[in-house]
Amino acid sequence: MKSKMKLTKKEKLEALDILFDYFPDAGPELNFTNEYELLVAVMLSAQTTDVRVNIVTKDLFKKYPTPESIMDADIKDIENEIKSIGLYRNKAKNLKKMAQILVEKFDSKVPSNRKDLESLPGVGRKTANVVLSTAFGIPAIAVDTHVHRTANRIGLVDTTNVLDTEKELMKLIPKEKWTKAHHVLIFYGRRISTARNPNIEDDPIKHISLHCRGYIAEGI
């Protein structure tokens, strides 16, 4: 049964402060050297691990170092490069179309605003938020499955979808901490509050988290 208990704003901010201290080096785990590589890596990361993406992009970026190179590539060649990643056929199609638009509309540069980013094939709100915050230093909270799960488990939010989670976190967390909070919650979700068998014993916020108190939100 879903708990009716809620954390106070003070408790929520305390939990976040503890996690910020616990994961001081939290940051991007995808490998990239420029905005184009980051965009490609994030597009590939849907429904797969960053580890797998990094393995694939090591060779992919050597073969297709620019939007022009991937735009001109045969779709079968792109598929072959990323076939170990889930949904690789659809992702290959999106990469090729995305690159073409970058070349023809944006002078081969990754745009630095949400509207233009989300106009690219395969780029949704989460991907746009990652690129905006990581590549351009624009505050944003990218909510993936880890962030959505952990934010609800802890009791920071009480939401049923990623967009509402993002909105509630933006209200709670000071804007200058949005980007760092995104990375911290991902680290926490991957290393402590995993989807299965979360490590409650070593959880640094077990005295605060609703989940660790035994109040696991229904469906999270």
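Since we're looking at a predicted model, the values are computed, not measured.
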Side-chain heavy atoms of Leu19 within contact of Pro204, under 4.5 Å: yes

Can you tell if the side chain of Leu117 reaches within under 4.5 Å of the side chain of Val110, non-hydrogen atoms only? yes

Residue pair Asn152, Thr159: steps toward the side chain to side chain donor-acceptor pair (under 3.5 Å) verdict: CA-CA 7 Å; Asn152 276 275; Thr159 59; 3.2 Å; yes

With a cut-off of under 6.0 Å to the ring centre and 45° to the axis, is Lys177 in cation-pi contact with Phe20? yes

Looking only at heavy atoms, which two atoms of Pro139 and Thr179 are closest? And how far apart? CA-OG1, 3.8 Å

For Arg153 and Ala195, indicate whether the former's side chain and the latter's backbone hold a donor-acceptor pair under 3.5 Å. yes

If you apply the rule side chain to side chain contact (heavy atoms under 4.5 Å, CB included), what do you find for Glu81 with Asp59, and how did you get there? CA-CA 8 Å; Glu81 289 294 324; Asp59 291 329; 4.1 Å; yes

Can Tyr188 be reached from Leu210 by stepping across I, L, V, M, F, W or Y side chains whose heavy atoms are under 4.5 Å apart? yes

State whether a side-chain donor-acceptor pair under 3.5 Å links Glu37 with Thr57. no

Show your reasoning for whether salt bridge (Lys or Arg N to Asp or Glu O under 4.0 Å) applies to Glu79 and Lys91. CA-CA 8 Å; Glu79 289 178 356; Lys91 289 178 181 179; over 6 Å; no

Side chain to side chain contact (heavy atoms under 4.5 Å, CB included) with Arg114: of Asn129, Ile138, Val131, Val123, only one passes, and it is Asn129

Consider only side-chain heavy atoms of I, L, V, M, F, W and Y, link residues closer than 4.5 Å, and tell whether Val143 and Val42 are in one cluster. no

Pro67 to Ser108 - nearest heavy-atom pair and separation: CG-O, 3.7 Å

Quick one, Leu156 and Leu185 - any side-chain contact, counting heavy atoms below 4.5 Å? yes

Between the CD1 atom in Ile85 and the CE atom in Met43, the distance rounded to the nearest 0.5 Å is 11.5 Å

Taking atom CG of Leu163 and atom NZ of Lys167, what is their separation to the nearest 0.5 Å? 4.5 Å

For the backbone of Ser193 and the side chain of Arg149, can you confirm whether one donor and one acceptor N or O come within less than 3.5 Å of each other? yes

Other residues, nucleotides, ligands: >12 heavy atoms within 6.0 Å of Glu176 CD: yes

Between atom OG1 of Thr165 and atom NE2 of His148, what is the distance when rounded to the nearest 0.5 Å? 4.5 Å

Mind running side chain to side chain contact (heavy atoms under 4.5 Å, CB included) on Ile192 and Glu201 for me, showing each step along the way? CA-CA 9 Å; Ile192 301 292; Glu201 183 177 349; over 6 Å; no

Supply the atom-to-atom distance Lys175 NZ to Ile141 CD1, rounded to the nearest 0.5 angstrom. 11.0 Å

Going through the checks in order, is the side chain to side chain donor-acceptor pair (under 3.5 Å) test met by Asn80 and Lys83? CA-CA 5 Å; Asn80 188 57; Lys83 63 183 179 182; 3.2 Å; yes

Tell me whether Arg190 is salt-bridged to Asp50, with the criterion being a basic N under 4.0 Å from an acidic carboxylate O. yes

Phe136 vs Leu38, side chain to side chain contact (heavy atoms under 4.5 Å, CB included): CA-CA, chis, key distance, verdict: CA-CA 11 Å; Phe136 300 107; Leu38 173 63; over 6 Å; no

Can you find a heavy atom in the side chain of Tyr64 that is under 4.5 Å from one in the side chain of Ile78? yes

Side-chain touch Met170/Glu166, heavy atoms, less than 4.5 angstrom: yes

Tightest non-hydrogen contact, residues Pro111 and Leu102, listed as CD-CD2, 3.7 Å

Are any of the side-chain heavy atoms of Thr134 and Leu30 separated by less than 4.5 Å? no

Please tell me whether Leu169 and Ile186 are part of a single hydrophobic cluster in this structure, the criterion being side-chain heavy atoms less than 4.5 Å apart. yes

From Ser69 atom OG to Lys63 atom NZ, the distance as rounded to the nearest 0.5 Å: 10.5 Å

So which heavy atom on Lys180 is nearest to which on Asp25, and how close? NZ-C, 4.0 Å

Glu35 and Lys109: salt bridge (Lys or Arg N to Asp or Glu O under 4.0 Å), yes or no, with the steps? CA-CA 8 Å; Glu35 293 90 347; Lys109 297 178 181 178; over 6 Å; no

Answer whether the closest heavy-atom distance between the side chains of Lys96 and Ile70 falls below 4.5 Å. no

Just do the side chain to side chain contact (heavy atoms under 4.5 Å, CB included) check on Asp158 and Lys6 with the steps written out, would you? CA-CA 9 Å; Asp158 184 10; Lys6 293 182 181 296; 3.4 Å; yes

Are Met98 and Leu132 linked, directly or through intermediate hydrophobic residues, by side-chain heavy-atom contacts shorter than 4.5 Å (ILVMFWY only)? yes

Kindly indicate whether the side chain of Leu95, heavy atoms from C-beta on, has any atom under 4.5 Å from the side chain of Val40. yes

Distance from Ser133 atom OG to His183 atom NE2, nearest 0.5 Å? 5.5 Å

Tell me whether the rings of Phe61 and Tyr36 are parallel (<30°), tilted (30 to 60°) or perpendicular (>60°). tilted

Can you name the closest pair of heavy atoms from Pro121 and Ile101 and give their distance? CD-CD1, 3.5 Å

Inspect the contact between Arg191 and Glu29 and indicate whether a charged nitrogen and a carboxylate oxygen are less than 4.0 angstrom apart. yes

Taking Tyr22 as the starting point, is it possible to reach Leu7 by hopping between hydrophobic residues whose side chains are less than 4.5 Å apart? yes

Shortest non-hydrogen separation from Trp178 to Ile173 and the atoms involved: NE1-O, 2.8 Å

